[in-house]
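As structure tokens, the structure follows; a few thoughts come after it.
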Amino acid sequence: MMQEYQQERGGNMSNPVKGRIHSIETFGTVDGPGIRFIVFMQGCPLRCLYCHNRDTWDPKGGREVTVDEIMEEMQDYIEFIRASGGGITVTGGEPTLQSTFVTELFKRCKEINIHTALDTSGFADIKKVEELLRYTDLVLLDIKHAVNEKHKFLTGVGNDKIRAFALYLSEINKPVWIRYVLIPGYTDGDDDLAAAASFIAELKNVERIDVLPYHSMGEYKWEKLGEKYVLHGVQSPTSEQVKKAREILEGRIAK
Ligand code: SF4
């Protein structure tokens, strides 16, 4: 189903490439440098147990838009974005599922010198995103778990593809910010952190690591859809736990 949804056509004036988005946030401040215009794409091949964007999973949900429409919506904010050293961030869902659309969008942003960030799980076919990456200034890459079986348990998929994607980004020297969600009992064990740290040590393009404390704020979306939230009752980590994880992971960034 995802493949069917993946758009292969390039689009033109009479038949512009279209994408399906969940929503837009106009003043994001945590998904890349400066003030960000954030586009949430619809559709995701992962099934993270803690997903706080559960309503982005359905590739047929959301609304259809053209690149022109997004550029027009962004117009009013460009001045603020530029002044803050910000840019556009495309997230989801999983934005690489609609790589043709996002490539066109980023091309247009680069024409007017807007910084582009791609927020991805890394579950992407490298061949399908090579062009997109040429117009991407920064990748925000989730490392959800470095141990394959645990990754599978948490997200529904193994992490081989994600590792390959991360190593490719390192090979082409694409700037990356790593995101690691710290979930007590699931990703915060000494072994979990050691595995993530050694994987990060293999990469030579990591500019920053964000340890994101788990929170259950998306739980209501699962309830609304009548679905079981497996992590019900799991508490957020303390600031001490976050600090410790950050130290372990940051300690392995290649200088
Ligand atoms: S990759 Fe993101 S959107 Fe997809 S299931 Fe995981 S947390 Fe949700």
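Note that the numbering runs from 1 along the sequence shown for the chain. Numbering of ligands and ligand atoms starts at 1, following listing order.
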| task | Can you sort out which atoms of ligand 1 are near G93, meaning under 4.0 Å from one of its heavy atoms? | result |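 Ligand 1 atoms under the 4.0 Å threshold to G93: 3 (S).
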| query | Is the closest side-chain donor-acceptor distance between H22 and D55 under 3.5 Å? | reply | yes
| Parallel, tilted or perpendicular: which fits the ring planes of Y77 and F37, with parallel below 30° and perpendicular above 60°? | tilted
So does [X] pair up with [Y], basic N to acidic O under 4.0 Å?
X: K244; Y: D190; result: yes
X: D31; Y: R179; result: yes
X: D125; Y: K127; result: no

| query | Any N/O/S atom of C44 sitting less than 2.8 Å from atom 6 (Fe) of ligand 1, backbone or side chain? | reply |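 Checking atom 6 (Fe) of ligand 1 against C44, no N, O or S atom falls under 2.8 Å.
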| request: If you have a sec, work out which protein heavy atom is nearest atom 6 (Fe) of ligand 1 and how many Å separate them, to one decimal? | output: C48 SG, 2.3 Å
| Which residue and heavy atom of the protein sit nearest atom 8 (Fe) of ligand 1, plus the separation |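 Looking only at protein heavy atoms, the one closest to atom 8 (Fe) of ligand 1 is C51 SG, 2.3 Å.
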| message | For K144, state whether at least one heavy atom is located under 4.0 Å from any atom of ligand 1. | response |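 Contact check K144 vs ligand 1: positive.
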| query | For ligand 1, is there an atom lying under 4.0 Å from some heavy atom of W57? | reply | yes
